[in-house]
Protein chains: 2
Amino acid sequence: MNSSKVAKVSFKEQMLQAREDAIVQTANRFLAEKGFEAMTVDEVAAAVGIAKASLYKHFTSKEDLAAAAMLRILKQAQEFVLTLPATDAPLDKLRAVVRWSMRMQLASDMPALPRQNSCLRAALMANPDYLDRLMAFSQLLGGWIESAQQQGVLNPELPATAVLYTLYARACDPVLEFLKAGGQYSDEQIVELVLGTCFDGLRTRAPAK
Amino acid sequence: MNSSKVAKVSFKEQMLQAREDAIVQTANRFLAEKGFEAMTVDEVAAAVGIAKASLYKHFTSKEDLAAAAMLRILKQAQEFVLTLPATDAPLDKLRAVVRWSMRMQLASDMPALPRQNSCLRAALMANPDYLDRLMAFSQLLGGWIESAQQQGVLNPELPATAVLYTLYARACDPVLEFLKAGGQYSDEQIVELVLGTCFDGLRTRAPAK
DNA sequence: GTCTATAGCCAGATAGAC
DNA sequence: GTCTATCTGGCTATAGAC
């Protein structure tokens with residue numbers, strides 16, 4: 001008897017969690033497609049198929065909802081880097097992370113980074129879980145960057161933070177959108193094209209010695 | 001008598017034009033700092049020091065106002081490229097244009113490119129003057145890109161449009177904002193840093209033969 | 001053309017029944 | 001917790017006097 005009650009509660013909680021996931025996933029898509037300001041809570045609720053008031057039982061504000069979506073994508077990024085073989089070279093791991101983020105963007109699953117002067121940014125900076133994860137993720141990538149620089153494959157004259165920001169920025173690079181709108185290239189071609197310009201630049205490479 | 005009347009009218013028109021320029025310039029700054037959605041017509045009017053209704057005598061809508069600002073920055077870009085010596089190498093001219101756009105961004109004078117799915121974009125695409133200028137500007141840069149590729153200094157394997165978009169995207173690269181927020185580098189250092197990663201990439205260059 | 005005042009609308013957030 | 005219905009504030013845009 002007791003166990004059935006427990007199972008029942010657990011089932012309810014699972015349903016609740018599943019709904020919350022659906023809300024965040026939907027918000028994530030709208031954030032990726034339209035940005036925080038243009039996204040409305042109404043359309044998120046409508047797309048999920050619930051009333052707006054129900055959504056507000058899960059999230060206290062639009063910023064709170066968007067922050068949950070940003071936290072979700074950050075968690076996914078952390079899960080992704082766990083799948084990378086430890087034997088891979090640091091430079092290859094960095095490339096893999098950028099490739100992953102660009103694929104997410106092309107699939108409309110990557111919300112754009114909030115502007116410096118944005119209310120969403122304020123909400124994120126007030127979220128310790130987000131901040132902690134972002135710092136841990138940045139330190140992981142920062143370690144790879146420094147290793148690659150010591151190995152001589154990544155330009156050692158570049159500040160590690162500048163490299164880090166450059167990689168982060170690929171997740172919201174409008175070049176992907178432009179090339180996709182052109183309709184001339186497949187998603188994978190676009191990813192490899194932009195990945196190449198990111199690491200090798202636009203100039204012609206000197207032939208390897 | 002007639003001449004004084006003409007002069008008077010001309011003076012009035014000049015004042016009117018000056019006011020309109022002030023409005024567009026202010027709108028341009030807010031577009032650069034907050035983006036189209038977050039900018040309000042109220043704050044533009046307040047910053048200029050006029051009533052909102054007066055602003056609407058000059059521009060029929062918020063989109064119209066923003067389009068005027070986008071047209072203005074495009075005209076400035078066209079004026080800038082006219083100052084480049086014809087004797088400069090194409091690659092140097094491209095570099096100069098990107099440097100100019102990044103300086104404008106750091107000075108909060110460069111409005112962000114509108115998203116593909118934005119009402120501002122629709123207004124711009126409906127503006128023949130803007131479209132014509134954008135096409136002319138793109139063809140000018142496109143010519144320089146192809147020349148640089150034929151000279152072998154710009155990677156000939158990259159599609160010219162991909163190069164063009166990559167250069168355009170530097171004007172709204174969040175990396176500049178991030179590095180500026182860090183407070184560790186001067187604006188000029190940031191510009192040269194990002195210019196370097198754009199053309200030469202993140203990887204270590206093979207030593208020149 | 002400039003102003004004050006306001007219309008009209010829309011989106012974020014809430015009240016209260018079930 | 002979910003819903004319908006509503007409040008509230010802010011923003012675009014306009015009316016009308018001067």
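Letters A, B, ... are given to chains in the order of the sequence lines, protein chains preceding strands, and every chain is numbered from 1.
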*asked:* By nearest atom, which of the nucleotides dT2(C), dA13(D), dA13(C) is closest to the S54(B) side chain?
replied: dT2(C)
*Please check if the side chain of Q116(B) supplies one atom and the backbone of A181(A) the other of a donor-acceptor pair under 3.5 Å.*
no
*asked:* Side chains of Q17(A) and D21(A): any donor to acceptor distance under 3.5 Å?
replied: yes
*Atom pair distance, as rounded to whole Å: NE2 in H58(A) and C1' in dT14(C)*: 16 Å
*Of the listed nucleotides dT2(C), dA13(D), dC3(D), the one nearest the side chain of A51(A)*: dC3(D)
_Over-ring placement of K180(B) relative to Y185(B), 6.0 Å and 45° cut-offs_ = no
*Roughly, in whole Å, what's the span from CZ in F59(A) to P in dT2(D)?*
11 Å
_Integer-rounded Å distance: dC3(D) C1' and L55(A) CG_ = 13 Å
*Could you tell me the separation between the CG atom of L120(B) and the C1' atom of dT12(D), rounded to a whole number of Å?*
16 Å
*asked:* What's T40(B) touching, base or sugar-phosphate or nothing? Going by heavy atoms closer than 4.0 Å.
replied: sugar-phosphate
*In whole angstrom, give the distance that lies between atom CZ of F36(B) and atom P of dC11(D).*
14 Å
*Which nucleotide in the set dA13(D), dA13(C), dC3(D) lies at the smallest distance from any side-chain heavy atom of I50(A)?*
dC3(D)
*asked:* Check the phosphate of dG1(D) against R19(A), side-chain N and O only, distance under 4.0 Å to OP1 or OP2. Yes or no?
replied: no
*Is atom CG of D129(A) surrounded by more than 12 heavy atoms (other residues, nucleotides or ligands) closer than 6.0 Å?*
yes
_Gap between atoms CG and P, on D42(B) and dC11(D) respectively (whole Å)_ = 6 Å
*Does a salt bridge link R203(A) with D200(B), judged by any charged N lying under 4.0 Å from a carboxylate O?*
yes
*Between dT12(D), dA15(C), dG12(C), which one does the side chain of A53(A) approach most closely?*
dA15(C)
*asked:* How bent is the helix from dG1(C)-dC18(D) to dC18(C)-dG1(D), measuring the angle between the end axes built from five pairs each, rounded to 10°?
replied: 20°
*Can you tell me the distance, in whole Å, between the OH atom of Y56(A) and the P atom of dT6(D)?*
19 Å
*Taking only Lys NZ, Arg NE, NH1 and NH2, and the carboxylate oxygens of Asp or Glu, determine whether E192(B) and R99(B) approach each other closer than 4.0 Å.*
yes
*Could you tell me the separation between the NZ atom of K12(A) and the P atom of dT2(D), rounded to a whole number of Å?*
11 Å
_Sugar-phosphate only, base, or nothing, as touched by M39(A) at under 4.0 Å among non-hydrogen atoms_ = sugar-phosphate
*Which part of the nucleic acid does K57(A) contact within heavy-atom distance under 4.0 Å: base, sugar-phosphate only, or nothing?*
base
*Decide whether Y56(A) and S61(A) meet the rule of one side-chain donor and one side-chain acceptor closer than 3.5 Å.*
no
